[in-house]
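So you know, we letter chains A, B, ... as the sequences are listed, proteins then strands, and number each from 1. What you see is a predicted model; the values in this text were computed from it and never measured.
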Amino acid sequence: MKYDYKAIEKKWQDKWEEKKAFRVEVDKSKPKYYALVEFPYPSGAGLHVGHPRSYTAVDIIARKRRMQGYNVLFPMGWDAFGLPTENFAIKNHIHPKIVTKDNVARFTSQLKSFGLSFDWSREIDTTDPNYYKWTQWIFLQLFKHGLAYKKEMAVNWCTSCKVVLANEEVVNGTCERCHSEVIRKVKSQWMLKITEYADRLIDDLETVDYIERVKLAEINWIGRSYGADVDFTTTAGDKLRVYTTRPDTLFGATYMVISPEHPYIEKWADKLTNYNDIIAYREEAAKKSDFERTELVKDKTGVKLEGVTAINPVTNEEIPIFVSDYVLITYGTGAIMAVPAHDTRDFEFAKKFNLPIVEVVAGGNIEEEAFTDVETGVMINSGFLNGLEVKEAKKKITEYLSEKGIGTPKINFKLRDWVFSRQRYWGEPIPLVYCEKCGWQPIPESELTLTLPEVESYEPTDNGESPLANMTDWVNTTCPKCGGAAKRETDTMPQWAGSSWYFLRYCDPKNSDFLASKEALDYWMPVDWYNGGMEHATLHMLYSRFWAKFLYDIKVINCIEPYKKRTSQGMILGEDGEKMSKSRGNVINPDDIINSYGADTLRLYEMFVGDFEKTATWSSQSIKGSKRFLERFDSLSDMLKDKTDLSIEQAFHRTIKKVTLDIEDMKFNTAIAAMMSLMNDIYNAGGLDKHYLEVFTRMLAPFAPHICEEMWERLGHNDFVSFAAFPEYDEELTKVASAEIAVQINGKLKGVITMNVGSSEADVFTVIGKTEKFTAALEGKTIVKKIYIQDKIFNIVVR
RNA sequence: GCGGAUGUGGCGGAAAUGGUAGACGCGUCGGUCUUAGAAGCCGAUUCUCAAUGAGUGCAGGUUCAAUUCCUGUCAUCCGCACCA
C-alpha cells in the first residue's frame, strides 16, 4: 500500500473541521492549558518555511496536553494593522481592508494545510472594529490613569517624501523608499508611561519561566542602574545636577559635561563668553542623524564653556564644564561629572582635550586606558575614602553626600516611555478629542468603537500629519466635557497596540460587552506556554507585559504576569546557509513542500532538523529521511503479528519515556530520533502486535497527526486519535537486564564486556581476569588503582 | 566597545550530574530483488601510515577519565549602540 499523503491529509483536515474537533469552551471540570504562538502579520508574501517551526512545536505541546486530558486553548489570529499593507494600498490604490482580507485568506489556507490544531472559532483580527474597540478602551483607561501623555518628541522626517517615518523605515539614515536624507523633526506625540512599570517588569521576571536569554534581553533593555544624583555648585551661582553610578570616584572628577540640549545653556547665556560657539555646536549636533552619530562614536567632539565653571564638592577644586554630544539629554540629568581615569568615554575625551586624569582607584594602568573594574580596586587620592574597596567607598560617599545635602541615591533606567502616535492611516484611531477650553478629553466609552473613516487617499499629508487630518468632517467634533467645538486626534496607534493584549481576547473573542468575560479570563489566563521570535524579546514582550500589569492593577485580570512560560525558536536559513530572502532567491515555500512531501513530513522534518532553539539550515536532501520514516510507519499495519517481542516491548517503554520528557524540553529532534530507532528495532524484529502499533500511533500523533488518524482508523477506531490517551510508560519495563561495561586501562578503551545490571566490582574484575585480551594487556604491569562506575566503566590504572 | 550565543565525520546533528565521542537522519559504498533501473529491504560508513595510533576551533591545565570543568586564544553569527 502506497502512503497517499495528499488524500490522507485532506481527509483528516476536513474531518477535524467538520466535527469542530479543536473547539473549546470553559470547562471547570478539566484542567485548562493555554498554548500560544505569536499571531502573524498577514503580509503579501504568504507564510514562509520558518512559521511552521514555531507553530508545529506548540501544536505538538497542545496536542500532547489534549491527549493527557487537558482542556486546551490553542488559538490563532491576525496582527493586521501595519505599514507594508498601507504602503501596498497606497501604491496600488486598493483599500488596506481589501489587501488585509486577501492576505488573511491566503494565510488561513496555508495554516490549515499544516494540520495545526487551532480553534478557528476564536480567530481574531486586530483591524476588526469589534476588536480594536477594546484596544481603544484600554488606551482610554491608560489615559484616565495618567499613563498617557503628550510630549514634544524628535521624529524621523524624510526631507523628500515629507513624511514622518517609523524607525523601521529608516535604513542607514536614509528613507527606505526614496533613499534621501532623514532628519529629526520635533513633533508632539502621545507617550505611554511604561517607565512607571520598569521595576516591576524586571522584578516579576523571577516569577515566570522564560528561557534565560529572553529574560536577559529584557533586563538589559530596561537597563536598571543604581547610583546617585550629585549637585555641583557653579560660578553662575546655581547648582548643576549630574547622575553617576560611580559616586565613589567623585575625587577623580576633573571636569563636567552637559549635553547640547541641556537647558542651562540658555540659562547661562549672558555669562557664557563663547555662547555663539556653543550654539553652533548644538546646531551641528542636531543636524547629525542617528547614523552619523553612531558612525562618529570613536571621535569625541565638544566645546568648553567659557565664563562658567563648577566646584568639585569634595576636592573643592574649580573644574571646567564642556558641552558634548556624547552626553545624552534623554538619560539621567543630561549632565555628567567626568572621571577620565575610570570611564572609557571620559578618558577618550580627556586625552583629546588634554584634561587632567586623576587616578582614584588603584589597580589599573591609567597611562594606557581607563580602569573601570569595580570588583578589585582600592581607593587612593580620595581623602576619607582612601584604602576602602570600591563597594564600601560607594556606600560611604553616598551616606556622606546625603548628610551634606549634596547628593541622593538614585536609580535610573535605559527604558524610555513608549512613543504611541503614528502619523498613519492604517492603525487604531486614538479616541481623544482636543478642546481649546478643556484640553485633551477622552471620548465617552459608549462611543467606542471610534472607527477608522474612509479616506480618499492613504498618503500622509505634506506637513507630516496623518491622512485623517484631511477629513474635516471626522476631525471636527464637540467636546465631551463642555460641548464646545473640538478636534479629534488624527494620529493612530502603533502596530504594537493590537498585539499587546490579543491573548486576552482569545479567551472570549465574541464578547461585545467587554474585552473578555471575567469568567473566561479567570479560567484561561495566564498563558501557560508562549513561543515566539527572539526579535520580540524586548518590544512586544515588554509592551504586552506592561499592559497586562496595568490591567491587573485596574482589576481586569487577576494574574501579575500574562505568560507563565516563554520559549523561542531558532531561525530557518536557506540551503546556502543565508537568511531566506526574495532578493537572494533562496526562499523555500511551504506550499511546495506540502505538495511534494505532505504536511506530516514537513512538520516532522522541521522538528527533526536540529535543536529547536538554534538556527537551522534547510536541506531539501535531508527531508527525504522524514518522509521515509512516515512510509515505514504506514507499512507497520502490514507487519502485525500476534505477540510483540519482549525486547521490543521494553524498547517501547524506553521510547515513550524519552518522547514524553523530550517534548517538555522542546527536544523534538531527539524525540523523533528515538522513534526512528524504535522503528528500526521493530523492522529487525519483523513486526509488532496491534496493541503496540496503537501505542506507536498515539505517541507519534502530536508530531504527524494526519497519518496517525489514518492509522488509528485502520486499526478499527472510529474516534480521533487526537483525543486518545497519550501513552504512558512502565518504569520497570524501561530497565534492561544486562549492561555493557567499558574496560579501560589508564583511561584508554580496551574492550567491552556484557554483565548483568548491578554486578559488583569484584564480579566484573573476575570476568576481566578471565578475558584474554585484558590479561595480555595487563601482563607485567602493576595495578595501582581500580575505578568502577556501576554498569558503565571499569578503569584499571597501571604502572 | 558591551551583551548573548555557537564551533563535534562528507553534511544536518546526538552525547543529565565529567564515565565506551559520533545516537538518529542525509549522502556514499556494498548486498538483495529486477531483463535493467527506480523504490523497498539488509549491511558498512570519524580519519589515517591499520596502531600499544590520532581525533570534538586552537594552546595549555586539573583528573584514573574532559565535547563536558579551569586559564588563555582564534573564528563565525545575532542583538544593543556614547545609558555616565
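- For A:Phe347, there are no ring pair (Phe, Tyr, Trp, His ring centres under 6.0 Å) partners at least two apart in sequence or on another chain.
- Here A:Phe349 pairs with A:Tyr255, A:Phe322, A:Tyr326, A:Phe353 under the ring pair (Phe, Tyr, Trp, His ring centres under 6.0 Å) rule; sequence neighbours left out.
- B:A51 and B:C47 have their C1' atoms separated by 13 Å, given to the nearest Å.
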Show the distances under 3.5 angstrom between N or O atoms of the protein and N or O atoms of nucleotides 46-56 of chain B.
none

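- Distances shorter than 4.0 Å separate none of the side-chain N or O atoms of A:Thr615 from OP1 or OP2 on B:C77.
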Would you tabulate the pairs of protein nitrogen or oxygen atoms and nucleotide nitrogen or oxygen atoms of nucleotides 22-28 of chain B closer than 3.5 angstrom?
from	atom 1	to	atom 2	distance (Å)
B:G25	OP1	A:Asn680	ND2	3.2
B:C26	OP1	A:Arg628	NH1	2.6
B:G27	OP1	A:Gln621	OE1	3.4
B:G27	OP2	A:Arg628	NH1	3.3

Under 3.5 Å, which protein N or O atoms sit close to an N or O of nucleotides 72-76 of chain B? Give each pair with its distance.
none

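- Below 30°, between 30° and 60°, or above 60°: for A:Phe765 and A:Phe794 the angle between ring planes is below 30°, a parallel geometry.
- Distances shown here put a side-chain N or O of A:Lys667 below 4.0 Å from the OP1 or OP2 atom of B:A15.
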Atom pairs under 3.5 Å, N or O on each side, protein against nucleotides 43-45 of chain B: can you list them with distances?
none

### Task
Summarise how protein sits on nucleotides 61-69 of chain B as a single string, 5' to 3': B when a protein heavy atom is under 4.0 Å from the base, S for sugar-phosphate-only contact, - for no contact.
---B-----
### Query
RNA chain B in dot-bracket, Watson-Crick or G-U pairs under 3.5 Å, [ ] crossing, | other strand?
(((((((..(((......[....)))((((((.......))))))(((..).))..(((((..]....))))))))))))....
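- At a threshold of 4.0 angstrom between heavy atoms, the contacts of A:Thr617 with the nucleic acid are absent.
- Considering only residues two or more places apart in sequence or on other chains, A:Asp231 meets the salt bridge (charged side-chain N to carboxylate O under 4.0 Å, His left out) condition with A:Arg241.
- Residues meeting the ring pair (Phe, Tyr, Trp, His ring centres under 6.0 Å) test with A:Phe703, sequence neighbours left out: none.
- Shown here are the ring pair (Phe, Tyr, Trp, His ring centres under 6.0 Å) partners of A:Phe232, two or more places apart in sequence or in another chain: there are none.
- Partners of A:Glu578 under the salt bridge (charged side-chain N to carboxylate O under 4.0 Å, His left out) rule, at least two apart in sequence or in another chain, are A:Arg584.
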